[in-house]
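Only heavy atoms go into these numbers, but all of them, side chains included; no hydrogens, no water, no symmetry mates. Each chain gets a letter, A, B and so on, in the order the sequences are listed, and its residues count up from 1. In this text the structure is predicted, and so the values were computed from the model without any measurement.
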Amino acid sequence: MIDIKQIRENPEKFKKAARDKRFDVDIDRLLTVDAGIQENKKQLQDITTEINKVGKSVPKLAGDQKQKVLAELSKLKQKASALDEKLKELQPEFDLLSLQVPQPTDDDVPVGKDDSESVEIRKDGKVRQFDFEPKDHVQLGAALDIIDIERGVRLAGTRNYFLKGDGALLHWGVLRFAMDFMVGKGYVPMSVPVLMKDEAMTGTGFFPGSEDQTYRMEADQLNLAGTAEVPLTAFRMGEILKADELPLKFAAMSTCFRREAGAAGKDTYGLYRIHQFDKIEQVVICENSVEVSNKFHEEILANSEAVMKALELPYRVVNVCTGDLGRGQVKKYDIEAWMPSRKNYCETHSASKFYEFQARRMDLRYKDPASKKNLFCHTLNNTVVASPRILIPILELYQNADGSVTIPKVLRPYMGGKEKITPRQD
RNA sequence: GGAGCAGUGGCCGAGCGGCUGAUGGCGACGGUCUUGAAAACCGUUUUACCCUUUGGGUAACGGGGGUUCGAAUCCCUCCUGCUCCGCCA
């Protein structure tokens with residue numbers, strides 16, 4: 001959410017942000033509603049002052065005079081309640097509109113309409129050239145009997161799967177490796193609830209807007225989070241933190257649920273786009289400073305790059321263009337891993353910087369010692385690793401001519417020291 | 001799910017229709033004293049918004065609604081916590 005004062009002062013800035021990010025929001029209407037609210041509030045306040053003043057004199061009066069004053073009061077109260085009605089009418093519209101105003105991006109974010117216009121920042125690792133006909137991860141998964149998509153779909157519908165045997169171990173192994181890495185970096189490991197109230201969804205910026213991407217438990221009015229960003233970022237929602245608590249650095253492992261509505265027919269093959277997966281997510285909550293935010297944005301990106309390097313996967317880092325940014329994101333780096341079967345670099349990580357956008361929605365503040373004011377925190381988050389998507393490059397890039405898959409060195413401790421996944425001996 | 005009790009400022013804890021944004025204690029901060037510290041003493045210590053020159057006003061005692069000229073205080077409702085009962089992976 002954006003400070004309404006900023007929108008009043010410079011509406012053009014936010015209209016431009018909406019255009020660049022391709023969000024549709026009526027900022028002029030917002031300002032009209034805002035002006036109405038301000039005017040009504042002012043009048044209401046004046047009348048309330050009057051009522052309070054007159055009301056105080058009541059106990060001292062008696063007889064006719066008392067009746068006269070009471071009559072006057074009842075007239076004032078009618079006026080007040082009319083103004084109150086008007087405010088109650090305007091407020092919901094104001095709330096809805098103001099939640100929709102997107103945050104302008106940093107100046108160095110490329111303006112563009114979709115991922116084709118995002119800008120590559122750097123590449124790391126060598127794309128493997130095969131001297132045999134490589135299999136894709138679905139073929140490998142079937143041949144090694146570690147992935148069962150057919151039965152996943154039969155039991156749970158499209159975009160569902162089972163991982164089996166070494167497939168399940170590899171999945172948990174890469175998650176465990178990533179979590180251990182983050183704990184080593186000083187991030188606090190967290191196990192989190194994934195059924196979230198609307199407040200947490202709104203606070204993190206997913207609502208309004210992504211309701212159709214979210215599994216909803218209507219009977220309990222709860223939502224299945226699509227990422228641990230929601231519980232982690234909202235963890236201290238509504239609180240005023242002590243300055244010396246900052247920065248808060250968290251890492252959580254959670255199962256993530258996504259409806260993928262509107263993606264019908266897109267990425268239907270294999271484990272790329274699925275309804276349920278597991279992810280280690282990192283979240284930083286820091287002081288209200290652009291410099292500090294920028295520092296942590298680089299830090300959380302570096303953390304994830306370190307994981308990719310440890311896994312020895314070739315990847316590139318992309319500065320995501322305006323059209324692919326969320327409403328609240330100021331800047332976003334994606335890490336894309338090379339996936340042989342897709343013949344492309346594909347997103348495996350997404351590092352977002354929000355400044356105070358999420359904190360303002362959640363009313364997450366800290367007491368600033370310098371100004372003695374309560375300031376909104378800044379928030380950031382990034383994937384550490386998401387599996388099974390990460391298994392796509394791992395399986396495909398680590399495969400051998402004999403059909404086996406070499407296990408990345410750093411994952412072997414998590415798989416009982418095993419070096420290779422070999423085909424089933426039927 | 002049923003019954004009972006409770007929810008006040010950073011914390012503890014008073015207040016139970018107007019003089020209470022809220023006594024007191026603890027903590028924190030500033031000062032006096034001291035070579036320094038402790039103790040003692042004095043003072044400060046919620047937040048949001050509005051008008052403004054110092055300053056003034058409005059709102060908030062779990063949320064929402066009601067009664068009343070006036071509510072932290074009375075009523076309704078919801079939420080949360082605790083205790084007991086029931087049920088259950």
Checklist entry - For the pair made of CG in A:Asp220 and P in B:C79, what is the distance, rounded to whole Å? => result 12 Å
Next on the checklist: Under 4.0 Å, heavy atoms only, any strand: does A:Asp46 hit a base, just the sugar-phosphate, or nothing?
Outcome noted: nothing
Checklist entry - Any side-chain N or O of A:Lys88 less than 4.0 Å from the OP1 or OP2 oxygen of B:G64? => result no
Item to check | Nearest-Å distance for atom pair CD/P, residues A:Glu72 and B:G70 | outcome: 14 Å
Checklist outcome for this item: Partner of B:C87 under the Watson-Crick or G-U wobble criteria, both distances under 3.5 Å, comes out as none
Checklist outcome for this item: For B:A40, the nucleotide meeting Watson-Crick or G-U wobble distances (both under 3.5 Å) is B:U32
Checklist entry - Closer than 4.0 Å, any side-chain N/O of A:Arg365 to the OP1 or OP2 of B:A48? => result yes
Checklist entry - Can you tell me how far C1' of B:A48 sits from CG of A:Leu375, to the nearest Å? => result 14 Å
Item to check | Between C1' of B:G57 and CD1 of A:Ile51, the distance in whole Å | outcome: 14 Å
Checklist entry - Heavy atoms under 4.0 Å, any strand shown: does A:Lys373 hit a base, just sugar-phosphate, or nothing? => result nothing
Checklist entry - What distance separates A:Leu380 CG from A:Thr233 OG1, expressed to the nearest 0.5 Å? => result 9.0 Å
Item to check | Short side-chain N/O contact from A:Lys53 to OP1 or OP2 of B:G57, under 4.0 Å | outcome: no
Checklist entry - What is the distance from NZ of A:Lys242 to P of B:G27, rounded to the nearest Å? => result 15 Å
Next on the checklist: Would you measure the distance from the P atom in B:U47 across to the matching atom in B:A39 and give it in whole Å?
Outcome noted: 27 Å
Checklist outcome for this item: Taken to the nearest whole Å, CG/A:Asn52 to P/B:A71 is 9 Å
Checklist entry - Of all the nucleotides listed (B:A48, B:A59, B:C69), which has the minimum atom distance to the side chain of A:Asn374? => result B:A48
Checklist entry - For A:Lys41 and B:G57, what is the distance between atoms NZ and P respectively, to the nearest whole Å? => result 19 Å
Next on the checklist: Applying a 4.0 Å non-hydrogen cut-off, can you work out what A:Lys367 is touching in the nucleic acid: base, sugar-phosphate, or nothing?
Outcome noted: sugar-phosphate
Item to check | Opposite nucleotide pairing with B:C61, Watson-Crick or G-U, both atom distances under 3.5 Å | outcome: none
Checklist entry - If we take the C1' atom in both B:C50 and B:G36, what is their distance in whole Å? => result 49 Å
Item to check | Nucleotide opposite B:U45 in a Watson-Crick or G-U pair, distances under 3.5 Å | outcome: B:G27
Checklist entry - Quick one: A:Glu50 CD to B:G70 P, roughly how many Å, whole number? => result 15 Å
Item to check | Integer angstrom distance from the C1' of B:C49 to that of B:U83 | outcome: 42 Å
Next on the checklist: Over 60° means perpendicular and under 30° means parallel, so tell me whether A:His297 and A:Tyr333 are parallel, tilted or perpendicular.
Outcome noted: parallel
Checklist entry - If you find the nucleotide of RNA chain B closest to A:Gln38 and the one closest to A:Thr48, which residue's nucleotide is nearer the 5' end? => result A:Gln38
